[in-house]
Amino acid sequence: MSTADVVSPVTTPGEHHAHSGEGHDHGHGHQPHLAHHFESYEQQFDAGKLGIWLFLVTEVLFFSGLFCAYVVFRVLYPELFAFGHLFLNKELGAINTVVLLVSSLTMALAVRAAQLGQRQVLISMLVVTIACAFVFMGIKYVEYTTKFREGLFPARYFAPTPEALLHAAHMIHDAQSHGAAGHAAGHGAHDEHAADASHGHEGKAGDHSHEEVNKNGLTAAEQAMVDSVKVPANAGLFFSIYYCLTGLHGIHIIAGIAAISWILVRSIKGHFTPLYFGPVEYVGLYWHLVDLIWIYLFPLLYLIH
Amino acid sequence: MATIVENPSLTGGSPGAEPVVDNYLTFTRGWKSWAFTLDHKRIGVMYLCATLGAFFVGGIMALILRSELFFPGKQFLSPDMYNHMFTLHGAVMTFLFIIPGIPAAQGNFVLPIMLGAKDVAFPRMNLGSFYLWVFGAIYLVAAIIFGGLDTGWTFYTPYSTTTNTSVILATTGVFILGFSSIFTGLNFIVTIHTMRPPGMTWFRMPLFLWATYATAIIQVLATPVLGITLLLLIAERAVGIGIFQPELGGDPVLFQHFFWFYSHPAVYIMILPAMGVISELISTFSRKHIFGYRFVAYSSIAIALLGFLVWGHHMFTSGQSAVSATMFSFLTFSVSIPSAIKVFNWLATMYKGSISFATPMVYALSFIFLFSIGGLTGLFLGALSVDIHLHDTYFVVAHFHYVMMGGTLIAFLGGLTYWWPKMTGRMYDEFSSQMAAIGVFIGFNLTFFPQFVMGARGMPRRYADYLPEYEFYHQLSTIGAFVLGVALVAAVGILVRSLWTGAKAPPNPWGSATLEWQCSSPPPHDNFATTPEVGDPYAVESVKWSDSERGYVKNPSYVPSKDH
Ligand code: HEM
Ligand SMILES: [Cu+2]
């Protein structure tokens with residue numbers, strides 16, 4: 001959609017102007033952002049607003065197919081989800097949730113600044129929003145590369161490494177002996193991912209450092225733990241769903257970065273005024289939707305019991 | 001109408017000379033003025049040419065298929081080639097022709113004019129939607145060139161995840177076409193909501209607009225689900241996500257649910273605008289106010305909404321639970337209520353009207369007849385026990401061709417002949433065009449009626465070969481297909497010929513009261529100099545025939561009544 005056509009409501013009476021050529025916009029002489037087929041700014045603004053809302057509806061439906069797949073498989077195979085989520089890093093997920101919440105706030109402030117004509121505030125709020133988006137993507141990158149290293153691929157290629165399994169074993173163990181103080185302290189670093197796992201968990205380092213390691217780089221006790229992990233059949237399906245949902249969401253974040261950057265350039269050029277701030281508002285709505293989807297994704301994928 | 005003499009005072013100038021009156025065709029010149037146009041009328045015309053081109057390609061494929069089936073055994077297509085051919089025929093016809101046909105081609109042209117507006121709400125998005133169509137078409141063609149496609153237009157898993165044909169190219173194409181369709185729908189909803197002129201309340205809108213509005217709702221709500229389904233299928237093939245693959249724990253029936261969640265509503269994307277066209281035609285050519293306006297209007301919305309709840313009727317044999325099958329069957333029956341409401345209202349409109357059998361009306365009458373057969377056989381298929389027998393036979397093929405071709409295509413032709421004078425400023429030869437329309441009707445029935453019979457006798461669909469007992473029906477069907485092909489080429493040819501030989505069209509050749517007939521033919525670039533006065537769109541008495549204008553003009557003695 002051409003958000004450039006969209007202008008804030010101004011109660012200017014509709015006027016007919018001679019237009020030149022095929023140009024549909026900028027044909028209004030002293031009404032610079034009114035496209036020639038609209039009667040008034042107000043009509044144009046309403047059209048843009050309805051358009052963006054409908055677009056968001058299509059986005060929701062686009063994701064709904066995936067959410068539907070999530071529900072179907074969670075009902076069919078609850079054990080996959082109970083198992084698969086152990087490999088996700090709750091801390092990083094939580095940080096990302098906070099990052100996006102902050103970015104939603106700054107986006108809202110940006111819209112307000114645009115409405116009030118505070119150009120400096122607008123620019124700085126947009127910069128912060130973009131920065132948050134980059135932090136989000138950075139963290140996502142760390143999560144993805146960690147998973148790739150641990151062999152946690154979509155179904156057909158799912159092959160978790162011993163380190164990944166050891167990590168899962170500790171998580172299961174922790175969950176079972178939850179509340180046993182000694183353990184909790186000993187395994188404080190479990191949520192660190194493979195990077196640490198491959199160098200041996202700090203928590204157990206004191207006990208086992210002198211033992212021999214086998215071809216998997218594990219001690220006998222660790223190998224026993226790994227062997228005790230029952231990997232459910234088709235465990236990779238969880239990761240298929242994880243990658244589809246977070247991947248599609250990530251693509252939307254990237255699109256959001258592009259859109260906000262475009263708004264940023266225009267605000268630096270001073271395009272927006274209290275009378276004309278439509279594009280900021282529309283990009284803002286989009287951004288809130290993208291954040292909202294993450295608010296659902298986080299508990300659905302990371303916080304499973 | 002064929003005897004009309006040129007009346008230069010209407011549109012001015014003779015062919016070739018500089019036009020006296022501004023019209024959208026001559027407004028600017030050069031290919032760029034078309035390629036980058038934002039004018040909804042030009043975009044509509046480009047869509048029209050493009051979709052007709054796709055229809056032609058799909059039609060050739062159909063004739064090849066029917067020729068192969070003229071005798072049992074192999075004639076000239078290997079079974080593999082046969083699979084490719086019916087798949088591409090289905091995909092091209094569905095995604096490139098029938099879905100955009102009426103809304104994007106004719107709707108684009110007339111919708112803003114019917115509203116008395118200058119354009120759709122987002123002209124750039126409108127042009128974008130056209131180019132998305134072009135890209136989608138290129139991908140489909142690329143799929144044909146690089147390995148073909150043999151999954152059927154339904155892309156059912158798990159076959160589509162294992163075949164070595166170009167599934168990814170084709171589904172990418174369909175994905176892109178989906179966005180083209182979404183953009184059209186979104187544009188129409190916004191246009192109808194925000195750009196109606198003062199005085200045009202919802203219940204003063206022509207029924208074609210109600211129909212395109214209902215269609216747009218489906219386009220916006222259903223198409224994204226197709227999009228995500230196709231993305232998942234692509235991911236399935238590319239990185240093995242397993243969601244639809246049983247050996248990885250996935251569920252191929254889930255694909256069917258996703259696919260039909262879009263594709264059943266999609267059949268209403270096809271038929272609703274067709275019904276809208278028919279409502280216009282029946283009232284105009286019976287010279288009577290449409291009967292039960294509100295019922296016809298609401299039934300469009302009812303069809304659009306109920307259409308979302310019946311997709312399971314495509315899956316009665318897929319192993320879905322008996323409870324859901326029963327629910328889906330019940331809901332399927334309920335959709336036929338609003339469809340029947342429309343048919344009864346059209347018949348009531350014709351009752352005691354002074355009916356003219358101009359070409360568009362011939363198509364409209366064919367529509368009522370053929371759509372009724374198509375819809376009623378849909379009820380056979382919606383009945384659980386009967387469908388077990390008929391599913392995946394030629395009976396289904398005949399059913400959906402009666403609704404898609406007998407319904408949508410015929411209405412497309414009806415609309416095309418109806419708005420042709422408006423689009424081009426030319427009258428076509430009435431008699432030959434009526435004959436072509438009758439030829440289409442005969443050819444159509446000869447092609448598809450035998451398919452009901454052989455389907456009921458067990459002939460399965462999508463087979464390259466058959467037992468000798470079906471030979472007679474297949475031969476009838478093939479002969480019919482060629483009659484139909486010739487008649488269609490003639491129908492379009494007659495229209496095209498009128499561009500050179502046709503008489504100048506008056507602004508209102510048929511006597512309709514909707515706004516698009518108030519501007520000149522072809523319309524000026526801006527459609528209307530000033531926003532037109534809005535009246536009852538079906539007050540056909542508001543215009544009367546004028547010999548000197550060779551068309552209908554305002555009736556000075558018409559007094560608007562209060563009841564409409
Ligand atoms: C009016 C009421 C209608 C009813 C009750 C109805 C019912 C059905 C049913 C039950 C089937 C499934 C048959 C089977 O596979 O065993 C079916 C298939 C189909 N119908 Fe309809 N239908 C209706 C209208 C339409 C319309 C208006 C269209 C298109 C314009 C349409 C297009 C199709 C198509 C394309 C298929 C088959 C798809 C495939 O398997 O390839 N139907 N219909
Ligand atoms: Cu259906």
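Because the structure is a prediction, the values reported are computed rather than measured. Below, read A as the first sequence line, B as the second, and so on, with proteins coming before strands; counting in each chain starts at 1.
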**Student:** Looking at M327(B), I want to see if its CE is surrounded by more than 12 non-hydrogen atoms of other residues, nucleotides or ligands under 6.0 Å.
**Tutor:** no

**Student:** Which pair of heavy atoms, one from A47(A) and one from F122(B), lies closest together, and at what distance?
**Tutor:** O-CZ, 3.3 Å

**Student:** Hey, does V239(B) have a side-chain heavy atom less than 4.5 Å from the side chain of R156(A)?
**Tutor:**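 Contact flag for R156(A)/V239(B) side chains = no.
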
**Student:** Is the closest side-chain heavy-atom distance between M195(B) and H37(A) below 4.5 Å?
**Tutor:**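 Of all side-chain heavy-atom pairs linking H37(A) with M195(B), at least one is under 4.5 Å.
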
**Student:** Any idea which heavy atoms bring L237(A) and G249(B) closest together, and the distance?
**Tutor:** CD1-O, 3.5 Å

**Student:** So which heavy atom on E247(B) is nearest to which on N234(A), and how close?
**Tutor:**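 It is O-OD1, 4.1 Å.
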
**Student:** Can you tell me if Y157(A) uses its side chain to pair, donor with acceptor, with the backbone of I241(B) under 3.5 Å?
**Tutor:**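 Pair absent, no side-chain N/O of Y157(A) close to backbone of I241(B).
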
**Student:** Between V225(B), D251(B), I243(B), who has the most heavy-atom pairs with chain A when the cutoff is under 4.5 Å?
**Tutor:** I243(B)

**Student:** Other residues, nucleotides and ligands only: do more than 12 of their heavy atoms fall within 6.0 Å of CD on E533(B)?
**Tutor:**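 Not buried by this count: 12 neighbours or fewer within 6.0 Å.
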
**Student:** Step by step, would you call L221(B) with T58(A) a side chain to side chain contact (heavy atoms under 4.5 Å, CB included)?
**Tutor:** CA-CA 6 Å; L221(B) 294 184; T58(A) 66; over 6 Å; no

**Student:** Is the closest side-chain heavy-atom distance between F73(A) and L254(B) below 4.5 Å?
**Tutor:** yes

**Student:** For a 4.5 angstrom cut-off between non-hydrogen side-chain atoms, does I228(B) reach L61(A)?
**Tutor:**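 In short, these two side chains do not touch, never coming nearer than 4.5 Å.
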
**Student:** For F62(A) and F175(B), take the angle between the two ring planes, folded into 0 to 90°, and tell me which bin it lands in: parallel under 30, tilted 30 to 60, perpendicular over 60.
**Tutor:** tilted

**Student:** Which bit of L80(A) is near chain B, if near means a heavy-atom gap under 4.5 Å: side chain, backbone, both or neither?
**Tutor:**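 For L80(A), there is no contact with chain B at all, as no heavy atom is under 4.5 Å.
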
**Student:** Specify which of L76(A), L66(A), I241(A), V57(A) makes the most heavy-atom pairs with chain B at under 4.5 Å.
**Tutor:** L66(A)

**Student:** With side chains defined as the heavy atoms from C-beta onward, is the minimum distance between C68(A) and F258(B) less than 4.5 Å?
**Tutor:** yes

**Student:** Which of the residues L226(B), V120(B), N126(B), N527(B) is involved in the greatest number of heavy-atom pairs with chain A at under 4.5 angstrom?
**Tutor:**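 That would be V120(B).
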
**Student:** Report which part of F63(A) has an atom under 4.5 Å of a heavy atom belonging to chain B: side chain, backbone, both, or neither.
**Tutor:** neither

**Student:** With a 4.5 Å cut-off on side-chain heavy atoms, are L50(A) and L186(B) touching?
**Tutor:**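 No, too far: nothing below the 4.5 Å cut-off.
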
